[in-house]
There are 2 protein chains.
Amino acid sequence: MAGNVGTPGATVAGRVMAILDAFDDQHPRLPLSELARRAGLPLPTAHRLAGELVRHGALARARGDYAIGRRLWEIGLLAPVPSTLREAASPFLNDIHAATRATVHLAVRDGEQVLYLERLAGRASVPVVSTVGSTLPLHATGVGKVLLAHAPADIRRRVLAALTRVTPYTVTQPGRLRAQLAQIRLTGYATTVEEMSLGACSVAVPVRREDQVVAAIGVVVPTLRRDRARLTAALQVAAQGIARHLGA
Amino acid sequence: MAGNVGTPGATVAGRVMAILDAFDDQHPRLPLSELARRAGLPLPTAHRLAGELVRHGALARARGDYAIGRRLWEIGLLAPVPSTLREAASPFLNDIHAATRATVHLAVRDGEQVLYLERLAGRASVPVVSTVGSTLPLHATGVGKVLLAHAPADIRRRVLAALTRVTPYTVTQPGRLRAQLAQIRLTGYATTVEEMSLGACSVAVPVRREDQVVAAIGVVVPTLRRDRARLTAALQVAAQGIARHLGA
DNA sequence: CCGATTCTTCCACTCAGTGGAAGAATCGGG
DNA sequence: CCCGATTCTTCCACTGAGTGGAAGAATCGG
């Protein structure tokens with residue numbers, strides 16, 4: 001189409017996605033120059049495509065800065081996997097949250113990472129780094145360990161071959177983590193102790209559906225010393241409730 | 001670019017948005033023919049563009065059906081207005097939910113409709129039709145009345161000129177609603193009694209920031225007879241907490 | 001006020017994109 | 001199992017939607 005394409009073979013759809021990909025948690029708002037730079041597009045191209053996305057509501061522009069628009073927020077909510085799981089889980093996560101006042105998570109495995117679908121923030125000052133839509137390592141989080149324990153063997157093999165340290169307490173010896181995963185499959189719950197953040201411990205359990213682990217739920221607390229059994233029991237009841245809702 | 005464009009002047013970005021717009025709550029999954037039909041595109045065009053969106057993760061395809069992909073879910077979460085409000089409000093909405101076990105809403109005005117940003121589902125069997133991301137009429141919902149009471153005069157004028165009946169109890173006389181809106185500005189809260197759904201009543205209050213009403217929060221209950229004052233007080237405390245969080 | 005930076009518009013040129021047609025694949029009823 | 005109906009995939013001649021450097025307008029901040 002164009003007489004002077006800087007990147008032959010690039011498509012308009014690809015450029016549109018490059019624009020949308022320019023935004024992230026650290027950059028929710030971008031001026032035009034920065035948007036073009038991050039999208040890898042010449043200024044006039046970014047200007048024209050962003051303008052069209054604004055007209056469709058996919059982007060919004062206020063005081064010179066572009067941001068993701070309401071229309072994309074609405075479209076994103078239509079993604080079936082996050083919305084089905086969140087809808088089924090929400091009442092149970094609220095119950096756990098009401099009972100514990102702790103941060104509560106709903107997560108799924110995404111390749112070799114854990115993806116957070118829902119997070120109810122705790123009031124206690126426990127450091128929690130997860131945000132909805134973000135991913136964290138499988139081996140260093142409670143929900144992640146549950147999902148890893150029930151992952152296909154090739155996924156476990158790859159994760160166990162590349163264990164990175166997050167805190168001094170992160171388990172990075174493959175043998176030790178493998179033993180933990182076997183234990184998780186046996187007992188039905190996972191724990192972490194300051195492995196993802198200092199000062200934060202967690203318990204998590206699987207949500208099963210037809211012999212598959214489709215998600216994990218967990219809580220993050222300052223210490224597991226007193227409440228581990230109680231938290232585990234509450235999470236297991238909630239997980240069963242979620243599974244029933246999913247079966248409907 | 002193309003030799004035989006069916007819709008001269010149409011852009012690729014526009015076609016991409018037409019594909020994304022083809023999905024809605026009733027149609028979260030679509031086979032290719034249906035996607036093309038709903039997007040108003042010829043089959044090969046829809047096939048090619050959808051395939052490219054799948055490669056970018058914006059769409060997903062499973063067993064022949066397309067759906068909104070995880071990448072768009074993540075991008076949608078970056079929309080600042082919904083995420084800022086939801087993040088600020090979440091602890092307070094959780095508190096209200098824990099205390100009342102009722103459906104709790106966070107909403108903003110979107111033109112002449114109320115847009116639901118967050119909904120914590122109640123356990124009581126009270127009929128609630130809102131879903132996150134959806135819009136409902138301003139005049140028939142608690143949060144809607146609050147937002148309408150504090151809307152610009154031209155918005156109020158337009159809404160009051162077109163009041164549709166949702167249940168037999170919906171207020172459709174402009175004079176009567178105008179009086180209610182004045183009362184809401186005076187007392188600081190709105191109520192509905194079976195105006196949106198039979199069997200559902202609601203209370204709602206504004207969330208203010210710098211003399212502006214930026215959102216409304218509310219609860220939906222089976223009856224207001226006993227708890228109206230208590231619910232209103234709890235909502236007002238929560239609204240003030242949210243406003244403080246927004247100011248940070 | 002002025003230099004720096006960002007944003008907007010222009011437009012010659014062309015190749016990314018077009019969709020009808022045809023055939024492959026799938027589905028479901030008999 | 002067969003066959004008609006329907007959906008999906010691929011092809012490709014043709015062209016106009018899209019391109020980005022350049023230039024000028026607008027904005028910003030010292």
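Each chain gets a letter, A, B and so on, in the order its sequence line appears, and its residues count up from 1.
The side chain of B:T45 has C:dG19 as its nearest neighbour among C:dG17, D:dG20, C:dG19. Counting only heavy atoms from C-beta on, A:T11 has its side chain closest to C:dG17 among D:dA17, C:dG17, D:dT9. Listed nucleotides: D:dG21, C:dG17, C:dC7. Nearest to the side chain of B:V12: C:dG17. Side-chain atoms of B:P44 lie closest to C:dA21 of the nucleotides C:dA21, C:dA16, C:dT8. With C:dG17, D:dG20, C:dC7 as the choices, the nucleotide that has an atom nearest any side-chain atom of A:S33 turns out to be C:dC7.
Proximity of A:R63 to the phosphate of C:dT6: no side-chain N or O atom is located under 4.0 Å from OP1 or OP2. A:H47 has a side-chain polar atom (N or O) that falls below the 4.0 Å cut-off from OP1 or OP2 of C:dT8. Regarding contacts with the backbone of D:dG18, every side-chain N or O of B:R15 stays at 4.0 angstrom or more from both OP1 and OP2.
Separating the CG atom of B:L53 from the P atom of C:dG17 is a distance of 12 Å, rounded to the nearest angstrom. Rounded to an integer number of Å, the gap from CG of A:L43 to C1' of D:dA23 is 13 Å. One can place CG of B:N4 at 13 Å from C1' of C:dA16, the figure rounded to the nearest angstrom. Nucleotide C:dG17 holds its P atom 7 Å from the CD atom of B:E52, rounded to whole Å. Atom CG of B:L32 and atom C1' of D:dT10 are 13 Å apart (whole Å). Taking atom CG of residue A:L30 and atom P of nucleotide C:dT5, one finds them 19 Å apart after rounding to whole Å. As a whole-Å value, the separation of B:L41 CG from C:dG19 P is 7 Å. Straight-line distance from the CZ atom of A:R29 to the C1' atom of C:dT6: 19 Å, rounded to whole Å.
Ranked by how close their nearest DNA chain C nucleotide is to the 5' end, A:V5 and A:G64 are led by A:G64. Comparing B:T7 and A:R37 by the nucleotide of DNA chain C whose heavy atom lies nearest to each, the residue mapping closer to the 5' end is A:R37.
With A:L138 as reference, A:L148 is the one residue of A:V143, A:L148, A:L160 to meet the side chain to side chain contact (heavy atoms under 4.5 Å, CB included) rule.
Base pairing in DNA chain C gives the following stems of 3 or more Watson-Crick or G-U pairs, range against range and under 3.5 Å: C:1-30 with D:1-30.
Judged by distance alone, the side chain of B:R71 and the main-chain N or O of B:H56 form no donor-acceptor pair under 3.5 Å.
Of all heavy-atom pairs spanning A:A215 and A:L85, the tightest one is CB-CD2, 4.1 Å. When all heavy atoms of B:A200 and B:V220 are compared, the closest pair comes out as CB-CG1, 3.8 Å. In plain terms, the two heavy atoms of B:P28 and A:L78 that are nearest each other are CB-O, 4.3 Å. Nearest heavy atom pair, residue B:R156 against residue B:A151, reads NH1-O, 2.6 Å.
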A:D21/B:I75 under side chain to side chain contact (heavy atoms under 4.5 Å, CB included): CA gap, chis, key distance, verdict: CA-CA 7 Å; A:D21 288 337; B:I75 289 172; 3.9 Å; yes
Walk me through it: do A:T167 and A:M196 pass the test side chain to side chain contact (heavy atoms under 4.5 Å, CB included)? CA-CA 6 Å; A:T167 76; A:M196 184 69 227; 5.7 Å; no
